[in-house]
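Remember, predicted model here, so these are calculated numbers, not experimental data. Numbering of ligands and ligand atoms starts at 1, following listing order. Index from 1, following the sequence.
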Amino acid sequence: MASTRTRLAISSSSLTAPSNITWHPSLSRRERNQLRGQRGLTIWLTGLSASGKSTVATALEQHLLHLGRAAYRLDGDNVRFGLNKDLGFSEKDRNENIRRISEVAKLFADSSTVAITSFISPYRADRDLARQLHAATDADDEPIPFVEVFVDVPLAVAEQRDPKGLYKKARAGEIKDFTGISAPYEEPASPEIRIKTHENSVEECVAQITKWLADEGYVKLE
Ligand SMILES: Nc1ncnc2c1ncn2[C@@H]1O[C@H](COP(=O)(O)OP(=O)(O)OP(=O)(O)O)[C@@H](O)[C@H]1O
Ligand SMILES: [Mg+2]
């Protein structure tokens with residue numbers, strides 16, 4: 001049977017590990033979570049542009065921070081200012097964008113933080129890769145919880161909101177490969193949570209997510 005170290009190396013890299021590199025273990029996730037008094041996990045919001053991912057992610061991050069929980073948001077636009085400034089919007093670049101974010105979210109979650117990501121992440125395979133990366137276990141056989149939140153809104157509602165004017169540009173042919181218009185959005189088949197921002201307020205969506213997290217024992221709300 002493969003050792004834990006080998007399994008970790010295999011499962012944390014759908015990517016092949018470079019040769020001459022050795023994984024240096026530290027505290028296990030369980031020990032780190034115990035010391036920090038909080039379980040690390042990743043909350044992955046996916047949905048059309050203007051579905052409300054950034055709005056809900058920001059409100060959720062603030063809510064958790066006010067409760068004294070460590071939370072950090074990785075946002076689609078923000079990471080393109082720095083970490084992913086070299087990437088465009090071709091399918092290949094979108095894949096790489098999501099792969100890097102998955103790894104960064106995993107690092108935050110590994111440090112016992114609630115990582116909240118808000119990316120369109122339109123391809124099921126990319127989201128599955130993110131989930132797979134988080135499923136890699138450590139020495140205590142502990143994976144990192146991965147909570148997929150489908151921000152579900154009809155295209156017509158998102159297009160009518162159009163806070164950045166992107167749908168207008170996409171319809172005019174000024175943006176190519178725009179999700180929902182000229183590029184696909186593959187809906188999650190079985191997300192852990194589905195929020196409907198056209199039916200519920202931001203506060204209600206945040207409450208729905210935090211209740212689910214508390215019910216699962218992932219986050220203490222008091
Ligand atoms: N219940 C709700 N939840 C979230 N956003 C809402 C809600 N009701 C209305 N909105 C509005 O919808 C818009 C959502 O924009 P937001 O930037 O959050 O979308 P996004 O999914 O992050 O888009 P993008 O993928 O382009 O970054 C905002 O203008 C927000 O005020
Ligand atoms: Mg956004």
Side-chain angles (χ1 to χ4, degrees), residues 42-66 71-85 87-102 104-105 108 114-127 129-130 147-188 191-213:
T42 291
I43 301 172
W44 188 281
L45 280 77
T46 170
L48 294 169
S49 178
S51 57
K53 301 178 298 299
S54 295
T55 305
V56 170
T58 305
L60 176 63
E61 180 193 34
Q62 288 176 13
H63 184 68
L64 291 173
L65 287 170
H66 281 291
Y72 192 75
R73 186 174 56 90
L74 294 158
D75 191 86
D77 282 343
N78 295 4
V79 297
R80 285 181 179 274
F81 278 91
L83 178 69
N84 291 353
K85 72 201 295 187
L87 300 178
F89 290 88
S90 66
E91 186 165 346
K92 185 163 166 278
D93 278 6
R94 280 178 191 243
N95 292 344
E96 177 59 11
N97 186 45
I98 297 302
R99 190 195 67 79
R100 286 186 202 171
I101 297 314
S102 309
V104 174
F108 272 93
V114 178
I116 306 166
T117 68
S118 46
F119 299 85
I120 297 174
S121 42
Y123 301 111
R124 209 169 282 139
D126 291 339
R127 299 190 303 263
L129 172 67
V147 182
E148 190 173 2
V149 180
F150 178 24
V151 185
D152 182 10
V153 98
L155 175 64
V157 174
E159 189 164 359
Q160 214 242 325
R161 287 177 179 166
D162 205 10
K164 304 176 194 164
L166 297 177
Y167 283 96
K168 200 159 169 243
K169 284 189 187 166
R171 289 286 185 200
E174 291 167 33
I175 305 177
K176 65 181 183 79
D177 299 332
F178 193 78
T179 302
I181 305 294
S182 44
Y185 177 76
E186 298 173 357
E187 292 195 1
E192 276 76 7
I193 306 174
R194 177 188 297 253
I195 56 173
K196 300 196 169 191
T197 63
H198 55 300
E199 292 177 2
N200 298 111
S201 69
V202 178
E203 293 70 27
E204 286 167 340
C205 293
V206 168
Q208 188 187 337
I209 296 170
T210 49
K211 180 177 183 316
W212 190 94
L213 294 172

Distance under 4.0 Å to a non-hydrogen atom of [X]: what atoms of ligand 1 satisfy this?
X	value
Pro163	15 (O), 29 (O)
Ser54	18 (O), 20 (P), 22 (O), 27 (O)
Ile120	25 (O)
Lys164	24 (P), 26 (O), 27 (O)

For this session: Verify, without hydrogens or angle tests, whether Lys53 (side chain) and Leu48 (backbone) share a donor-acceptor contact under 3.5 angstrom.
Result: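 Indeed, once roles are kept as given, a pair shorter than 3.5 Å links the two residues.
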Could a heavy atom of [X] be found less than 4.0 Å from some atom of ligand 1?
X	value
Gly47	no
Ala50	yes
Thr58	no

About how many Å separate [atom2] of [Y] and [atom1] of [X], when rounded to the nearest 0.5 Å?
X	Y	atom1	atom2	answer
Glu159	Ser49	CD	OG	10.5 Å
Thr179	Ile181	OG1	CD1	9.5 Å
Asn95	Leu129	CG	CG	9.0 Å
Thr58	Arg73	OG1	CZ	3.5 Å
Leu45	Ile120	CG	CD1	12.5 Å

For this session: Would you mind checking which non-hydrogen protein atom is closest to atom 8 (N) of ligand 1, with the distance to 0.1 Å?
Result: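 Looking at atom 8 (N) of ligand 1, the protein heavy atom closest to it is Arg161 NH2, 3.6 Å.
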Is there a donor-acceptor contact under 3.5 Å linking the side chains of [X] and [Y]?
X	Y	result
Asp126	Ser121	no
Thr197	Arg161	yes
Ser182	Asp177	no

Exercise. Do Phe178 and Tyr167 have ring centres separated by under 6.0 Å?
Worked result: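 Yes, the ring centres sit under 6.0 Å apart.
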For this session: Quick one: do Glu96 and Arg100 satisfy salt bridge (charged side-chain N to carboxylate O under 4.0 Å, His left out)? Show the steps, please.
Result: CA-CA 6 Å; Glu96 177 59 11; Arg100 286 186 202 171; 2.8 Å; yes
Side chain, backbone, both or neither: which part of [X] comes within less than 4.0 Å of ligand 1 when only heavy atoms are counted?
X	value
Lys53	both
Ser201	backbone
Asn200	backbone
His198	neither

Exercise. Quick check: does Asp77 get an N/O under 3.5 Å from an N/O on ligand 1?
Worked result: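 Such a contact does not occur with ligand 1.
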Exercise. Any N/O of Val56 closer than 3.5 Å to an N/O of ligand 1?
Worked result: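 No - when backbone and side-chain N and O of Val56 are compared with those of ligand 1, no distance drops under 3.5 Å.
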Problem set entry | Option whose closest heavy atom lies nearest to atom 30 (C) of ligand 1, chosen from Leu48, Thr55, Leu45, Thr46 |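 Heavy atom nearest to atom 30 (C) of ligand 1 belongs to Thr55.
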Exercise. Which one of Gly52, Ser118, Ser121 has a non-hydrogen atom at the shortest distance from atom 14 (C) of ligand 1?
Worked result: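 Shortest heavy-atom distance from atom 14 (C) of ligand 1: Gly52.
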Exercise. Is there an N/O/S atom in Ser118 that lies less than 2.8 Å from the Mg ion (ligand 2)?
Worked result: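 It does not; every qualifying atom lies at 2.8 Å or beyond.
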